[in-house]
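Every chain is numbered from 1, with letters handed out A, B, ... down the list of sequences.
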Amino acid sequence: MKSHLKTIATRTARALIFTSNPSILIDEFISLCHRRELSRAMEAMNSLQRHGIRADAVTYSELIKCCVAHRAIEQGRAVHKHICSNGHTPQTFLNNVLLNMYVKFNLLADARNLFDEMAERNVVSWTTMISAYSNNKFNGEALGLLVLMQREGVRPNMFTFSSVLRVCDGLETLRQLHSGIVKFGLDSDVFVRSALIDVYAKWGELDDGFCVFNEMVTGDLIVWNSIIGGFAQNGRGEEALDLFKVMRTAGFPANQASLTSVLRACTGLALLELGRQVHAHLLKLESDLILNNALLDMYCKCGSLEEASFVFEKMSERDVISWSTMIAGLAQNGQTTEALELFESMKSSGPTPNYITMVGVLFACSHAGLVDDGWYYFRSMKRLFDIDPGREHYGCMVDLLGRAGKLGEAIRFILKLQCEPDITIWRILLGACRVHRNVDLAIYVGKKILELEPGDEGTYILLSNIYANSQRWEDVVAVRKIMDGRGLKKEPGCSWIEFNKKVHAFMLGDKSHPQIDEIIMKMSLLMRRLMEVGYVPDTNFVLHDLEGEQKEDALQYHSEKLAIVFGLINIPKEKTIRIIKNLRICCDCHTFAKLFSMIENRHIVIRDPVRFHHFRNGVCSCGDYW
DNA sequence: AGCCATATAT
């Protein structure tokens with residue numbers, strides 16, 4: 001019945017267009033615009049034109065919205081022409097609507113032409129033009145217009161600032177914008193506030209962002225998300241999680257963006273248990289691609305590939321980031337074959353790989369010693385996906401060659417590069433020198449790095465380790481002296497482990513943990529059993545000024561060993577012992593963990609700053625190659 | 001008008 005009536009109505013409407021009564025014509029025109037019936041509205045507009053009738057600005061603005069909704073560029077231009085026919089000049093309101101239309105169609109040049117020709121420009125006109133530039137990353141233009149508008153005496157509003165903040169090109173500009181915001185009394189607006197927090201966080205001045213947050217009397221979920229996201233992205237996961245709790249207590253229900261930041265914090269702190277709770281929680285929300293990608297990454301970086309694969313398989317939508325995350329995750333966890341297989345299936349049935357996907361693929365090859373495959377993928381990037389290799393890919397290639405012991409080839413590769421080799425490339429090569437104990441090259445490369453960055457403590461430490469490894473104690477002393485002279489200190493080793501919803505942290509030789517006596521007792525028993533199966537403490541990396549037995553003692557209390565024994569005591573036998581480290585694992589602890597996994601029949605995962613070690617049955621997933 | 005996800009090296 002309803003549809004029958006509708007048919008009659010439509011027929012009547014169609015007939016009306018061809019009547020010549022102007023007021024009926026215009027009513028029908030308005031109604032078509034409101035109903036977003038574009039093609040018939042256009043017909044109506046043309047017939048109005050034939051009768052020399054004009055509609056009012058509001059009606060035209062409805063028609064323009066209709067064009068935007070249908071993404072009808074040509075019709076939009078026709079409407080513009082119609083409005084301006086017979087020398088008419090649209091009022092500012094209508095010009096703004098037209099301006100907005102060109103911006104929505106991303107026709108920036110047309111928008112700018114109209115903007116320049118407008119007789120009067122109000123704050124909406126300026127803001128529309130500014131946000132068009134800022135959305136298209138024309139940062140200079142956007143910032144320039146903000147200055148011009150003020151010169152012409154137009155006061156920017158909160159819309160203007162929240163658009164322009166996104167293209168802020170540095171801290172200095174940011175501070176200027178911030179003072180402008182205060183000057184115009186816009187600093188209490190939630191939109192401006194969240195944008196300010198976000199930009200401070202992006203420029204690394206999180207504490208200033210936090211001040212903006214703290215000045216807030218009333219805020220909304222997005223302001224909370226901005227500050228929590230800021231902490232999560234700047235490696236300050238604990239604070240992100242604390243604030244999240246405060247937000248929940250304040251009565252704001254978490255949305256997808258909030259949980260994405262929480263997951264990112266979990267990822268940084270390797271809090272697998274908490275991550276799992278977030279997983280359970282997010283299933284109640286509408287599925288969100290970004291959130292799922294963060295979940296996937298969390299499982300990968302917490303070393304639980306089973307759960308990561310499960311999430312990946314179940315995702316209703318997967319984009320290039322999902323695939324890249326999974327490939328890199330498999331690679332970092334030593335599952336090279338799986339990583340490369342997944343890449344092959346991405347090529348045949350997934351999204352087109354991007355720059356970052358290829359970094360993951362090359363990483364997989366370099367860490368598994370697959371030199372030929374690495375070369376193949378490196379060379380195929382341009383041909384298959386039109387990706388120009390960049391510094392990151394060069395870095396992987398140097399790593400690939402260096403790790404495989406082809407140090408000469410690695411140097412030749414570096415020297416042939418189009419770009420000047422940067423400090424990262426030299427660091428990678430230095431790492432290869434350490435693995436292959438090439439002292440001479442290490443010294444050469446180390447000097448290169450210190451030329452570029454004289455205070456680089458990592459390089460001094462690596463050099464001293466390399467000297468120690470070849471028993472060149474005088475050189476070790478010399479390096480240490482330079483370090484002392486420069487006031488450089490080695491960051492103390494720290495490992496942590498999640499148990500009973502708490503994080504237990506261990507520092508080198510730290511005796512403050514409540515269970516430390518039990519741990520030390522268990523450790524000495526363990527050491528005895530390990531020695532029986534052939535464990536020999538490797539004291540090469542211990543400070544040179546200790547005597548033999550003291551060296552072994554220092555080794556015993558390496559933070560990861562303490563954490564392993566803590567896990568042995570507390571974590572149920574069938575569960576994986578998961579440990580996170582702030583420094584890379586040393587050879588001795590690596591051997592210790594391998595033998596431990598064998599004699600105790602336990603699965604241990606240790607995440608260091610760059611990769612994972614899965615120890616099972618006396619073997620490590622890194623293949624002793626790290 | 002504002003918030004959330006992927007990569008090399010140390």
- prompt: How long is the line joining CG of A:L401 and C1' of B:dT8, in whole Å?
  reply: 14 Å
- line: A:D198 has its side chain closest, among B:dG2, B:dC3, B:dT8, to B:dC3
field: salt_bridge(A:R236, A:D207) N-O dist < 4.0 Å
entry: yes
task: Whole angstrom is fine here: how far is it from CE in A:M149 over to C1' in B:dA1?
output: 13 Å
message: Rounded to whole Å, how long is the line connecting atom CE of A:M247 with atom P of B:dC3?
response: 16 Å
Candidate pair A:R318 and A:N292, rule side chain to side chain donor-acceptor pair (under 3.5 Å), full reasoning: CA-CA 9 Å; A:R318 285 186 283 259; A:N292 280 328; over 6 Å; no
- request: Look at all strands and tell whether A:R193 reaches a base, only sugar-phosphate, or nothing, counting heavy atoms closer than 4.0 Å.
  value: nothing
- prompt: NA contact type, A:V398, heavy-atom cut-off 4.0 Å: base, sugar-phosphate, or nothing?
  reply: nothing
- request: Kindly say whether, by distance alone, the side chain of A:D189 makes a donor-acceptor pair under 3.5 Å with the base of B:dG2?
  value: no
task: Could you tell me whether a side-chain N or O of A:N157 sits under 3.5 Å from a main-chain N or O of A:F159, the two making a donor and an acceptor?
output: yes
query: CD1 of A:I327 versus P of B:dA5: gap in Å, rounded?
result: 20 Å
task: Please find out if less than 6.0 Å separates the ring center of A:Y377 from that of A:F343.
output: yes
query: Rounded to whole angstroms, how far apart are CG on A:N225 and P on B:dG2?
result: 14 Å
- prompt: What is the distance, rounded to the nearest whole Å, between atom CG of A:N292 and atom C1' of B:dT6?
  reply: 14 Å
statement: Of the listed B:dC3, B:dA9, B:dA7, the closest approach to the A:D399 side chain comes from B:dA9
Residue A:N293, side-chain heavy atoms: nucleotide from B:dA5, B:dG2, B:dT8 that is nearest: B:dA5
- request: Answer with base, sugar-phosphate or nothing: what part of the nucleic acid does A:D220 contact at a heavy-atom distance below 4.0 Å?
  value: base
query: Could you give the NZ-to-C1' distance, from A:K301 to B:dA5, as a whole number of Å?
result: 10 Å
query: Which part of the nucleic acid, if any, lies within reach of A:Q233 when heavy atoms closer than 4.0 Å are counted: base, sugar-phosphate only, or nothing?
result: sugar-phosphate
query: Base, sugar-phosphate alone, or nothing: which one does A:D456 contact when heavy atoms must sit under 4.0 Å apart?
result: nothing
message: Under 4.0 Å, heavy atoms only, any strand: does A:V192 hit a base, just the sugar-phosphate, or nothing?
response: nothing
message: I'd like to know if A:S162 reaches the base of B:dG2 with its side chain, counting only an N/O donor and acceptor under 3.5 Å.
response: no
task: Tell me what A:E453 touches on the nucleic acid: a base, only sugar-phosphate, or nothing, going by heavy atoms under 4.0 Å.
output: nothing
- prompt: Going from CG on A:L305 to SG on A:C300, what distance comes out if it is rounded to the nearest 0.5 angstrom?
  reply: 6.0 Å
- request: To the nearest 0.5 Å, tell me how far A:L384 CG sits from A:K347 NZ.
  value: 5.5 Å
A:R391 side-chain N/O to B:dT8 phosphate OP1/OP2 under 4.0 Å: no
field: Spacing of A:I356 atom CD1 relative to B:dA7 atom C1', expressed in whole Å
entry: 5 Å
message: Taking the minimum atom-to-atom distance to the side chain of A:D297, which one of B:dC3, B:dT6, B:dA1 wins?
response: B:dT6
message: Does A:T325 reach a base, just sugar-phosphate, or nothing at all? Heavy atoms under 4.0 Å.
response: sugar-phosphate
